[in-house]
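Read through the structure below, which is laid out as C-alpha cells, and then see the notes.
Only this structure's heavy atoms are used, side chains among them; waters, hydrogens and symmetry mates stay out. The sequence lines fix the lettering, A, B, ..., with proteins before strands; numbering per chain opens at 1.
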There are 2 protein chains.
Amino acid sequence: MSGPKKIKPAKKKTSDQRAGGSQKKPTREKILEAAIKMFSDYPYYAASIRMIGKEAEIDHPLVSYYFPTKALLFEEVIKHVTEEYYQANITWFEGLEEQTPERGLSLYIDRFFDFAVKHPKALRIVALNLVQAEGHDVIPGYERVRNFFAKTKQTFKKAIPLQGTADDIEMFTHSFNTLAINYLGASTYYAGILGLAPGSRQYLEWVKKTMIFVFLPPLKQIIIGE
Amino acid sequence: MSGPKKIKPAKKKTSDQRAGGSQKKPTREKILEAAIKMFSDYPYYAASIRMIGKEAEIDHPLVSYYFPTKALLFEEVIKHVTEEYYQANITWFEGLEEQTPERGLSLYIDRFFDFAVKHPKALRIVALNLVQAEGHDVIPGYERVRNFFAKTKQTFKKAIPLQGTADDIEMFTHSFNTLAINYLGASTYYAGILGLAPGSRQYLEWVKKTMIFVFLPPLKQIIIGE
DNA sequence: AGCTAATTTTAACGATCGTTAAAATTAGCT
DNA sequence: AGCTAATTTTAACGATCGTTAAAATTAGCT
C-alpha cells in the first residue's frame, strides 16, 4: 500500500508560505513536470518510472507513492496537457468573428504558434499519442485525447458564426487540427524533411504559409455557406 | 553468434518446388509477416520478440537467428512497408494527367483507398511511426520513413504536369500525405470520433469527401499555376 | 549411408521494468 | 518535548525483456 493519505491535515501551507519566494517545489509537482518531459521525449512504453524519478531528482519509488501506477501518472499527464491545450484554444478565437477570413485565419495561426512555442511539450505529447496502435491494451488516457479532439469542433462552432453545413465544419476542423498538431507537434520531423531547423522562424513561417494555402478556401466556404 | 550463414549453398529450392502448392512458408517470411502484424498493433517498445515468435508459431530465439537484433527486424519491416507503399503510390497517378483536377483527385483517392483496404497494416505502421519522440534513441528505420515521405513529392511532380511553384507543390504534397496517412492509418481513431466503424464504407466516404473538400482548391492552384 | 552445414530447440544470461514492504526520516501538531 | 502521521529512502520482489550458448535435429550433398 502506498500513496499520500486521503485525509488531509487541517491546514495546508500555501506554496509561497516561506519567506523569500518558493524555491522548493512540492514533490508531486516535480514528478508531474518530469513526467511531462519524459513522455514528450519518449513514447509511453519507452519512458520508465525510473527515468522520471531521475529527471525529478527523487528516488523512483516516490513516483509510485504519489502516482500509484504508471498508467495513472500518464493519464494525469494527458489530462494536464489536453486541458492546457483546450483552454488555450478557446482564447485563440477572441475577436476573430469581426475579421475577414484571411485576417482571422492569420491571427488564429499566430496565436496557435505562440502556444506552440511556449508549450512545445504539450503539443508533442498530443501528436505522439494521436495515432494509437490497435493492440488490446491501448495507452491509458487515450480516451482523453479523443474527447479533447472532439471538443475542438464545438469550440470552433461557438466562437465563429458559420453558414456552412455541420458536415463541412466537421471536415474542416478535423483536418485543420490534425495537420496543425502534426506540423507543430512533430516539427523535428517535418523541419528535417524541409531542411530547416525545427524551432526556427523559417519553419514556423512555412507552416503558416502552408496552413493558409490549404485551409483558406475551405474556411471561406464554411463561413459564407457556399 | 547466430544468423543464417552468409555463404549460400550452391542451389536453393524455389518456394513452390514441392508438389501440390507451397503450404510451408519459409521461416524468415513467417517471422517478417508476424513482425508486420505485431508492429502494426503495438508500438516498437511494446511489441516484443517473444510476441512476434508466438505470432509466427516458432520459438522466439529463431527470430534472433534470422534477424540478429530487434532493431534490424524493425528496420526490415519499415523498409518492406515503405517500399510497398512507395511502389503503389507511383501507380496511382497513371493516366491522371489527362483528367480534370476534380476527376483526377477522385480517381487518385479511390486508388489510394484500394491500397489502404488491401494493406491496412502498412498504413498503420507508417502512421504509427510518422510522429517520433525526440529522445536520443530514435526508433530504428526512422530515417527510412522520412526518406519515403520526402520521395512522394518527386513522384507527384514527375507524374503530373504542374504550373505551380515548387513551394506550393511542397506545401500541397506534405499536407495531403500527412492527412491521408492520418485518416487511413489511424482510422480507428477518427472513425471513433465520427461515430463510424473504422473499416466501413461510410468512413471511407467521409475521408474522400473531406480530402476533396480540403485539397481540391489548392490542387487546382498548383495545376493551373495561379 | 554418412558427412557437413543449416536450422531449430532448450536453457539460461544479465538487465531492466513497475511495484511493494519495511525502515528511516521529517513535518505538524499539542 | 513528545506524539502521530506524512514523507522519503532502502532493499527487494517477480516478471519480462533481448540476446546468446550449446545441444539437438534436419536438410542437402556425395
**OP:** May I have the distance from B:Phe67 (atom CZ) to D:dC17 (atom P), rounded to whole angstrom?
**Re:** 19 Å

**OP:** Go through the structure and list residues passing side chain to side chain contact (heavy atoms under 4.5 Å, CB included) with B:Glu55, not counting sequence neighbours.
**Re:** B:Ala34, B:Lys37, B:Met38

**OP:** List in chain and number order the residues that pass side chain to side chain donor-acceptor pair (under 3.5 Å) with B:Lys153, two or more places apart in sequence or in another chain; answer none if no residue qualifies.
**Re:** B:Glu170

**OP:** Would you indicate which nucleotide in D:dT20, D:dG18, D:dT7 comes nearest to any side-chain atom of B:Pro61?
**Re:** D:dT20

Original post:
Rounded to the nearest Å, what distance is computed from the NZ atom of residue B:Lys70 to the C1' atom of nucleotide C:dA15?
Top reply: 14 Å

Subject >> Whole-Å distance separating the CD1 atom of B:Ile31 from the P atom of C:dT7 >> reply: 11 Å

Original post:
Taking only residues two or more places apart in sequence, or in another chain, which ones meet A:Asp167 in a side chain to side chain donor-acceptor pair (under 3.5 Å)?
Top reply: B:Lys209

Subject >> Non-neighbouring partners of A:Lys208 that pass salt bridge (charged side-chain N to carboxylate O under 4.0 Å, His left out), sequence neighbours left out >> reply: A:Asp110

**OP:** Would you check if the side chain of A:Thr91 reaches a backbone N or O of A:Ala88 as a donor-acceptor pair within less than 3.5 Å?
**Re:** yes

Original post:
Mind checking what makes side chain to side chain contact (heavy atoms under 4.5 Å, CB included) contact with A:Ala116, not counting sequence neighbours?
Top reply: A:Leu123, A:Leu184

**OP:** Please report, rounded to the nearest Å, how far the P atom of C:dG18 is from the OH atom of A:Tyr45.
**Re:** 12 Å

**OP:** Determine: side-chain N/O of B:Thr27 to OP1/OP2 of C:dT8, distance under 4.0 Å, yes or no.
**Re:** yes

Original post:
Among D:dG18, C:dT19, C:dT7, which nucleotide sits nearest the side chain of B:Tyr66?
Top reply: C:dT7

**OP:** Name the nucleic acid region contacted by B:Ala47, choosing base, sugar-phosphate or nothing; use a 4.0 angstrom heavy-atom cut-off, strictly under.
**Re:** sugar-phosphate

Subject >> Partner set under side chain to side chain donor-acceptor pair (under 3.5 Å) for A:Glu83, not counting sequence neighbours >> reply: A:Gln87

Subject >> Residues that B:Thr173 engages under side chain to side chain donor-acceptor pair (under 3.5 Å), provided they are two or more places apart >> reply: none

Original post:
Roughly how many Å is it from CG in A:Leu62 to C1' in C:dT20, rounded to a whole number?
Top reply: 14 Å

Original post:
Does A:Tyr44 have A:Lys70 sitting over its ring (NZ/CZ under 6.0 Å from centre, angle to axis within 45°)?
Top reply: yes

Subject >> Residues within residues 48-60 of chain A bordering DNA chain C, heavy-atom distance below 4.0 Å >> reply: A:Ser48, A:Ile49, A:Arg50, A:His60

**OP:** Toss me the dot-bracket line for DNA chain D: Watson-Crick and G-U wobble, both under 3.5 Å, 5' to 3', using | for pairs to another strand and [ ] for crossers.
**Re:** ||||||||||||||||||||||||||||||

**OP:** Taking only the side-chain heavy atoms of A:Tyr65 (C-beta and beyond), determine which of D:dT20, D:dT8, C:dG18 contains the nearest atom.
**Re:** D:dT8

